Peer 1: 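Can you read through this structure? Questions will come right after.
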Number of protein chains: 2
Amino acid sequence: MVRERPGTGGATARVPTRDVVLAAVRLFTDHGFEATTMDDVAAAGGVSRRSLFRRFGTKEDILFAEHDELFAEVSRHLETAPGTPLDAVFSAARLVLDGYLRDPEVTVPRYRLVRVHPRLRDREVAMTARYQSAFSRYLAARGGGGAPEERSLAAGAAAAALIAAHNHVLRGWLRDPGQEPARVWERYDAAMAFVRRAVGPMLHADGEAPARERVVVAVYPADLGRDELVRRLAAAVDEAGPRG
Amino acid sequence: MVRERPGTGGATARVPTRDVVLAAVRLFTDHGFEATTMDDVAAAGGVSRRSLFRRFGTKEDILFAEHDELFAEVSRHLETAPGTPLDAVFSAARLVLDGYLRDPEVTVPRYRLVRVHPRLRDREVAMTARYQSAFSRYLAARGGGGAPEERSLAAGAAAAALIAAHNHVLRGWLRDPGQEPARVWERYDAAMAFVRRAVGPMLHADGEAPARERVVVAVYPADLGRDELVRRLAAAVDEAGPRG
DNA sequence: CCCTCGTGTGGCATTTAGTGTCAGAGTAGA
DNA sequence: TCTACTCTGACACTAAATGCCACACGAGGG
């Protein structure tokens, strides 16, 4: 690396995080994660080695920087989410999948790197655990009745099942990122419905009426097309007036 | 460190793994994980720095060496366990807890270190993920009927819930290792019974009643957003299987 | 008994991740 | 314009991790 003006300490022009991440992803993919030094990344990203460490901490953190932002976003969402605690957690998980789908340029090559390098895999798993822990604590704090002991146990198991289902669908997409997002969301909704069935009973160990509820009962011909059916249900919901 | 005979490369006397681990745990606990260098560990363990790296790979691996052995033991157990796949996984998980309880000299101080150092925490989480992955694959491969897609989803969620419950009880003991093992096992059995109730139905997603008409019944919080409600209804429709 | 071969170990050199420190450059505000 | 604050780059340094070579020991054959 050739420095034009030794002794020139620039300022103001902040480290372009996104550019650095993309450059790093490219280098890691092309030459391998281990073989790529921080000097290489710094040169490719147009910043100094020192600034690189200041911004990202470690070499692995470069890959997961945007994931950290996503986690922060999800955490914020949890604080202000409407509905029951379970609803909040489900919609938060949806946000995570959306975060992945929105940024395939980083998430897809990262997944391929993660599959190869145990160290990176551990890092990825740790991220997953962070979500799980956050969801678990959220549910335990606001969850239904029952003894505190059983409540936190149920919250932990529910969060774990939810995250597992989420990751199941997510990995399906990461392995084949070419498929239609609509189909991914379809599978995701099905997986979430599955988890909801299993998790629901866990959190209502005893009779605890969770606020006000409404009921939709729809009877329809067995051969009605899926899209048409969904459309009718949506119309019925809208006719029923505002919720709350 | 004073070397008596420079140039003396010993042999034969294999590195006493257990002694080194205990010495390392002590050093990490007394002076901190970061502050303890591999030279320190080597000196305390009575081996050379080079041999230390050969045996354990990294500094963190020293702490988790025995955990790796436990994982190998559990894996072997899975291969030869009697009973249903679910039974096998439950007994395997029991083996894990027993492994912790049997070796408090290492597992307890390690837990305290893990709580403080994010890096070690990630490593611990990765171990948990390895169990979860092994259990999930085991269940998916030998699990009950249903479509392969749903089967692996159910296996993943079940394994996750099981591991979460296991870790819930395990952490309870690690935080207060003085309590009676009998009481720990009591709590563990209760937690496992809880998980079994929730997980059992997940793995037996069978009977689909063929009817001319089908009914959707949705119960939802009154303040749930319109989009989320519609999404759930659509998911419920998809989940109900093909129409016609 | 000696020699040889294989295996495990120690010492040394080297690379590189990661940190502390200081100097310079730019920006905002008085 | 001068000053205070912030961000960046350069340099030095620690320590983890790896490659390489030399040496010690045990086993086996002559």
Side-chain angles (χ1 to χ4, degrees), chain A residues 1-21 23-25 27-28 31-65 68 113 117-120 122-123 126, chain B residues 1-21 23-25 27-28 31-65 68 113 116-120 122-123:
Chain A
M1 179 177 177
V2 179
R3 303 208 174 281
E4 294 149 13
R5 294 182 296 165
T8 289
T12 306
R14 294 177 85 109
V15 175
T17 301
R18 175 79 184 176
D19 293 348
V20 173
V21 170
V25 166
L27 286 176
F28 293 160
H31 308 121
F33 180 76
E34 311 281 352
T36 305
T37 71
M38 286 298 263
D39 280 315
D40 297 335
V41 179
V47 291
S48 78
R49 178 188 148 81
R50 194 62 186 87
S51 295
L52 211 54
F53 277 108
R54 248 194 295 266
R55 174 69 90 197
F56 297 100
T58 74
K59 189 157 82 164
E60 304 166 10
D61 286 338
I62 300 178
L63 270 176
F64 294 93
D68 283 340
L113 287 166
H117 301 279
R119 222 167 134 188
L120 296 178
D122 289 359
R123 191 68 167 66
Chain B
M1 178 178 176
V2 180
R3 305 209 172 279
E4 295 148 13
R5 292 180 299 163
T8 289
T12 305
R14 290 179 87 108
V15 175
T17 300
R18 175 79 184 176
D19 293 349
V20 173
V21 169
V25 166
L27 285 175
F28 294 159
H31 307 119
F33 180 76
E34 311 280 353
T36 304
T37 71
M38 285 299 263
D39 281 315
D40 298 335
V41 178
V47 291
S48 79
R49 178 190 152 80
R50 194 63 187 84
S51 295
L52 212 55
F53 278 108
R54 249 196 292 269
R55 173 69 90 199
F56 297 101
T58 74
K59 191 158 82 165
E60 303 166 10
D61 286 339
I62 299 177
L63 271 176
F64 294 93
D68 283 340
L113 288 166
V116 177
H117 301 279
R119 226 166 134 184
L120 296 178
D122 289 358
R123 190 72 166 65

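Small disclaimer: the values here were computed from a predicted structure and weren't measured. So that the names make sense, note that chain A is the first sequence line, chain B the second, and so on, each numbered from 1.
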Peer 1: Just the rounded figure in Å: distance from P of C:dT16 to CG of A:L52.
Peer 2: 15 Å

Peer 1: Sequence neighbours excluded, which residues qualify as salt bridge (Lys or Arg N to Asp or Glu O under 4.0 Å) partners of B:R54?
Peer 2: none

Peer 1: Do A:R54 and C:dG20 share a donor-acceptor pair, side chain to base, under 3.5 Å?
Peer 2: no

Peer 1: Tell whether A:R50 reaches the base of C:dG20 with its side chain through a donor-acceptor pair below 3.5 angstrom.
Peer 2: yes

Peer 1: Of the candidate nucleotides C:dG20, D:dT18, D:dT8, which contains the atom at the shortest distance from the side chain of A:R55?
Peer 2: D:dT8

Peer 1: I'd like to check the side chain to side chain donor-acceptor pair (under 3.5 Å) partners of B:D40; sequence neighbours left out, ordered by chain and number.
Peer 2: B:T37

Peer 1: Taking OP1 and OP2 of D:dG9, is either one under 4.0 Å from a side-chain nitrogen or oxygen of A:S48?
Peer 2: yes

Peer 1: Can you name the residues that form a salt bridge (Lys or Arg N to Asp or Glu O under 4.0 Å) with A:D19, not counting sequence neighbours?
Peer 2: none

Peer 1: When the distance from CZ of B:F56 to P of C:dG8 is rounded to whole Å, what number comes out?
Peer 2: 15 Å

Peer 1: Flag the pair A:D61 and A:R55 as a salt bridge only when some basic side-chain nitrogen lies within less than 4.0 angstrom of an acidic carboxylate oxygen.
Peer 2: no

Peer 1: Can you list the residues that meet the ring pair (Phe, Tyr, Trp, His ring centres under 6.0 Å) rule with A:F33, with sequence neighbours excluded?
Peer 2: A:F28, A:H117

Peer 1: Strictly under 3.5 Å: I want the nitrogen or oxygen pairs between protein and nucleotides 15-17 of chain D, one per line.
Peer 2:
from	atom 1	to	atom 2	distance (Å)
D:dA16	OP1	B:K59	NZ	3.2
D:dA16	OP2	B:M38	N	3.3
D:dA16	N7	B:R49	NH2	3.4
D:dA17	OP2	B:K59	N	3.0
D:dA17	N7	B:R49	NH2	2.5
D:dA17	N6	B:R49	NH2	3.4

Peer 1: Under the salt bridge (Lys or Arg N to Asp or Glu O under 4.0 Å) rule, collect the residues that match up with A:R50, sequence neighbours excluded.
Peer 2: none

